[in-house]
Amino acid sequence: MIKIQLEQGPSREEPEGVTPGQALKDLGVAADRQVVAASVDGELLDLTRPLERDCTLAPVRLDSPQGLEIMRHSAAHVMAEAVRSLFPGVKIAIGPAIEAGFYYDFDVPEPFTPEDLARIEKRMAQIVKRNLPFARREVSRDEALRLFQDQGETYKVEILEDIPADQALSLYQQGDFVDLCRGPHVPSTGYIKAFKLTSISGAYWRGDEHRPMLQRLYGTAFATPEELQRHLELLEEAKRRDHRRLGRELGLFLIEEEAGPGMVIYLPKGALLRSLIEDFERREHLRRGYQIVMGPQMLKADLWKRSGHWDNYRDNMYFSQVEETLYGIKPMNCVAHMLIYKSRVRSYRELPLRFFELGTVLRHERSGVLHGLTRVRQFTQDDAHIICTEEQVESEITGVLDFVFEVMAIFGFEYEVELSTRPEKSIGSDAEWELATNALKGALKTRSLPYHICEGEGAFYGPKIDIKLKDALQRRWQCATIQCDFTLPERFDLTYVAADGQRHRPVMLHRVILGSLERFMGVLVEHYAGAFPVWLAPVQVVLLPITDRVHDYAQEIYDLMRAAGLRVELDTRPETLRYKIREAQMQKIPYMVVIGDREAESRTLSPRLRDGTEWKDMPLETFIEWVQEEGRIPTPAKSR
RNA sequence: GCCGGCAUAGCUCAGUGGUAGAGCAGCUGAUUCGUAAUCAGCAGGUCCGGGGUUCGAAUCCCCGUGCCGGCUCCA
């Protein structure tokens, strides 16, 4: 007998080899279809996996993140079975659960069509209805190899060959479909509830563009049809918030083919929004001891050779021949900042030096990756280079982290932190990389921030911390980044004179807070769904006179508000009030001020808010002061 | 860059081998109105570009460009 301890519950003696499913039932845990797997001493197992020794057991329910993931993974297997039965000769590659669903990659002679998607979905429904058990079986390496070789599943064979020899191999089978899989899975196909196939796309085998392009089918699955429905509605909401759509509707920006793909043209309201953000940035950087600098748009190619960009980044750069000399258009702002540092002898007393530039850069992004404002070829970074001593590195990084979090709080973003380490293609010594990586880790530790490590994801010149901010729909965007660089100071022979009178090598940090202003604006538009807070709203107030009789009064109010610094518009078109309100509402203007005979008489205002709230008969001065206050550029609260 | 889809009026879209359409937006006029669309009229097109098939191409084929969804890359 073995002792089964229910997590946070009673325990019980069971015969050796009892299944978690049976044990849970005996322990009084309802054996309905909400329980899809078991957690045994923290390890996720099938409900049918025999238990051999004393353990702590907990049910994994469909409404938990793990339960949902297991069900989605099982749905991927069902999709693969459906595809194989409908498309004989297809080879299956890999099919995991992902954040909002699952996918499976297939090697097929002809790409799938949207009609195929419907057929596959139908076949999956049949498989689910048959409620086939997911049977697990451990096999030897040879047996597994033979099985997949016989089936011609070359991708599975390749996966097998990469699995360490000492690792146990398991197969999962439902119906006559067998897949190599670690598991666990739901007990049977009937556990897969509400699912839907969402899209088709190409994907390289193992993400390598030199390997075959496979066809990837995406799907999603939820515990209930209602949750699936909610998810689909969330996708609809994301579409409504899409900054490309709102950018046009709100008159913020254009991206025109005739101007060039990935080239943003700011319309008046978009340009205003951006300059408000820039004003905020300049003020915050000056407050924190940064110095504003400006570099040229292109620099001689020799400088890019010296910096390492020629060798490591040339493919992403634009060049221009001027008379006899080749110039590189800057893809980064650091090189000019190096020259600023070198413009005179530096003392340790000056360090840290913090050079800030709203620097416009051009990068030749591959054509398939461009996307609205979030991926463009010309963008402006809120870039700074901090040059300091080795001893100052960690506290400078901590300072930048604090800066980032104070700014994120103002815009109302949540975020995640990632630390990226040395990539394959890189410059610098092992010792330098280690020193830099430790400094970044140290700062994260000082602020006790949780973070993920991304091995090999660093920049070619140094490791980095990325802050991925999450928008209102929980999508992640990389904006802020802090990168250590021990190599550029060396390449440009930066030195400072220390207390000992000797020249020493400083360390450099590259960092951005918002990242690309274009990208940040795109994310901001989606985050606020176009309804910007008053301090960022391109138009804060629109005056809506009801009849011609009050146009003079409206004009007077307009002039007063302008003089008071409000961003106000006056709509004197001969349209109905309802019509004007609707338009202002769709433009998401914070305050719509209705002006009729009553207001002209009493010299008051009747503002309507975007949320439909109406304020009656408000004194003019009170309203102006209110909007002035709300429109003030916010000052960050100290985060720590 | 790669895979797939798409490209018709400013926007959203209909039109599938036989005379280019609708709604919204725009313009003109009427309406002077109290919180999300007043009415009428007018104008608006190299059907993405180039080549081909055909008596005839928005429609079929080829090439190119751009966009969309992914992959890869990344602020």
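Just so you know, these numbers use all the heavy atoms, side chains as well, and skip hydrogens, waters and symmetry mates.
Judged by distance alone, the side chains of Tyr553(A) and Glu601(A) never bring a donor and an acceptor atom under 3.5 Å apart.
Counting to the nearest Å, the C1' atom of rA36(B) and the NZ atom of Lys588(A) are 12 Å from each other. Rounded to an integer number of Å, the gap from CE of Met213(A) to P of rC71(B) is 11 Å.
Neither OP1 nor OP2 of rU72(B) sits under 4.0 Å from any side-chain N or O of Arg206(A). When the side-chain nitrogen and oxygen atoms of His371(A) are compared with OP1 and OP2 of rG69(B), one or more of them lie within a distance under 4.0 Å. Considering only side-chain N and O atoms, Gln478(A) lies nowhere under 4.0 angstrom from the phosphate OP1 or OP2 of rC74(B). Regarding contacts with the backbone of rC71(B), every side-chain N or O of Arg366(A) stays at 4.0 angstrom or more from both OP1 and OP2.
When both distances must be under 3.5 Å, the Watson-Crick or G-U wobble mate of rU38(B) is rA30(B). Searching all strands for a Watson-Crick or G-U wobble partner of rC47(B) with both distances below 3.5 Å returns nothing. When Watson-Crick and G-U wobble pairs are counted only if both distances are under 3.5 Å, rG66(B) pairs with rC6(B). For rU12(B), the paired base is rA22(B) (Watson-Crick or G-U wobble, both distances below 3.5 Å).
Place Leu577(A) and Arg519(A) on RNA chain B by their nearest nucleotides, and Leu577(A) ends up nearer the 5' end.
For Phe379(A) and rA75(B), the ring-to-base geometry satisfies the stacking test (centroid distance below 5.5 Å, interplanar angle below 30°).
Separation of the C1' atoms belonging to rG41(B) and rG34(B) is 29 Å when rounded to the nearest angstrom.
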